[in-house]
Peer 1: 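Here it is, the structure, as structure tokens.
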Number of protein chains: 2
Amino acid sequence: MQARDVSGGPVACGCANPGAQLILEVAVELFSEKGYNATSMSEVARRAGISKANVFHHFGSKHDLYLEVIREACRDSREALHQGRDSGQTVVQQLSAFLHHHLDTLLRRDRVSRLVVREVLDSTPEGGKELAEQVFFDGFTELVEIVREGQQQGEFRSDMDPALLAHMIISISLFYFQSRNVLRHFPPVDFADEPQRFVEMACDLLFHGCLKAGDPDNKAAVGNRPACRTMSKETPE
Amino acid sequence: MQARDVSGGPVACGCANPGAQLILEVAVELFSEKGYNATSMSEVARRAGISKANVFHHFGSKHDLYLEVIREACRDSREALHQGRDSGQTVVQQLSAFLHHHLDTLLRRDRVSRLVVREVLDSTPEGGKELAEQVFFDGFTELVEIVREGQQQGEFRSDMDPALLAHMIISISLFYFQSRNVLRHFPPVDFADEPQRFVEMACDLLFHGCLKAGDPDNKAAVGNRPACRTMSKETPE
DNA sequence: GTCTATAAATAGATAGAC
DNA sequence: GTCTATCTATTTATAGAC
């Protein structure tokens, strides 16, 4: 990967040079439209109005270019998450704002977002490692840190795995994004075309839970809790 | 779709006939391995040891056969959900058990599960309608009904959209399934290869929320709540 | 080299006999 | 229910003209 920005600037995008930027935009288009195999480096070069050799100069290989496209697709959300940290907001507000932004970005950039999701879905164990390390690591790590911060400041329960909440947050927006075409046709669902409202409701659910609050006699809630947090060797009839 | 079971038996699988059953198994294999386009009806017939015309006799078209494969992949989970209803368990226990079963099924039948998820991801607005109506409708509807039951019996908050919780439940297992190859390589994640434990932790989070309980002074929690439930016209403050 | 025309192969689907 | 035979559309391969 020769195209890494060595200028010391923000790590947002792997390419500071305007030339590489154009290639990246073209590549995002092409990979989104046609997928990895059907996209040729020759076509990328042609659409960018440069030589194929130049493309290989900026991005060492087709695979590297592809990886950079995936990174680019996640950049906005990653930056939004980072910027929220010194905004004076509570952690709950930061996470809620991130979810709004994340889902909005997914929907706005539908095609390339699908590309990312498909890449994750089709990832082999080895490919997953690469994605984790070279694409999602920074964002996920920061999300986990924010959750930890929420625990330290007393907003969140401390008996909770921060990585779990981070995972759930990502899953909320991503799964909504990928299921909305189906969701729309379930009669009891009225939020399939209202992502904003969905995020608000989902946040509420995630923060406060779905059990009836203020009801210590809730047998189901209390009775179930053990079964729901141990590997349950102790079948609690 | 001529192969529907008209014998009055359970609607579980579209095919009661042993002949159709074999075809379906072969089709699951082939579609899972090679995808829709790369799978030919001739090959299905050959692998099933029958004529091509016979395949068309049982399943009216390639598309219908494919749809039946998707349905078949969801059958186990749908049945498990249904059977849990008259098991005497609380709704919380039913949902927890369903999540365990659902994720277990996804992981056990990895390839065909991927097929289903990919189908949802790649669905056009029209394809989404078909999937919703002909594949997922029964299961999702039942899940929503179970949640409603939980609300009526006082286990769950009543100021919550049951379809939202149903969606979240599905998203938990499905997104874990599809992200686990990536998840495994995030250092703060220690549940990527422990689906049982993951489900238990996720249930806990989903049921009880992530906010610190028993702390009415939690400004973040209270302060955020209005912004997080704007759907209600009756702003309870 | 590139293009078009055509042949060959393969796909999905149907008809009618057994 | 199962088969053989057949139809039609599409894809792929090849030949030959320009």
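All chains are named by letter (A, B, ...) in the order of the sequence lines, taking the proteins before the strands, and each is independently numbered beginning at 1. In what follows, every heavy atom counts, from backbone to side chain, and hydrogens, waters and symmetry copies are set aside.
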Peer 1: Any side-chain N or O of B:H63 below 4.0 angstrom from OP1/OP2 of C:dA13?
Peer 2: no
Peer 1: Quickly work out the B:F59 CZ to D:dG1 C1' distance and round it to whole Å.
Peer 2: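 Rounding to the nearest Å, CZ of B:F59 and C1' of D:dG1 are 13 Å apart.
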Peer 1: So B:I172 and B:F198, do their side chains get closer than 4.5 Å, heavy atoms only?
Peer 2: yes
Peer 1: Would A:E142 and A:H82 satisfy side chain to side chain donor-acceptor pair (under 3.5 Å), going step by step from the backbone distance to the final call?
Peer 2: CA-CA 7 Å; A:E142 183 136 37; A:H82 186 73; 2.8 Å; yes
Peer 1: When you measure from the centre of the six-membered ring of B:F56, is the NZ or CZ of B:K62 closer than 6.0 Å and no more than 45° off the axis?
Peer 2: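 That pair does not qualify as a cation-pi contact.
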Peer 1: Could you tell me the separation between the CE atom of B:M41 and the C1' atom of D:dC7, rounded to a whole number of Å?
Peer 2: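 Nearest whole value for this atom pair: 17 Å.
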Peer 1: Whole angstrom is fine here: how far is it from CZ in B:F56 over to C1' in D:dC3?
Peer 2: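 Result: 15 Å.
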Peer 1: To the nearest Å, give me how far apart CD (B:E43) and P (C:dA11) are.
Peer 2: 8 Å
Peer 1: In whole angstrom, what separates B:N37's CG from C:dA11's P?
Peer 2: 12 Å
Peer 1: Base, sugar-phosphate, or nothing for B:S40, non-hydrogen atoms under 4.0 angstrom?
Peer 2: sugar-phosphate
Peer 1: Using the benzene-type ring in the case of Trp, are the ring centres of B:F175 and A:F175 under 6.0 Å apart?
Peer 2: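 B:F175 vs A:F175: aromatic centres not under 6.0 Å.
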Peer 1: Between B:H58 (NE2) and C:dA13 (P), how many Å, whole number?
Peer 2: 16 Å
Peer 1: Provide, to the nearest angstrom, the distance between the NZ atom belonging to B:K62 and the P atom belonging to D:dT8.
Peer 2: 21 Å
Peer 1: To the nearest Å, how far apart are B:L30 CG and C:dA11 P?
Peer 2: 12 Å
Peer 1: So does B:N54 get a side-chain nitrogen or oxygen closer than 4.0 Å to the phosphate oxygens (OP1/OP2) of D:dC3?
Peer 2: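 Answer yes for this pair, as a side-chain N or O of B:N54 is under 4.0 Å from OP1 or OP2.
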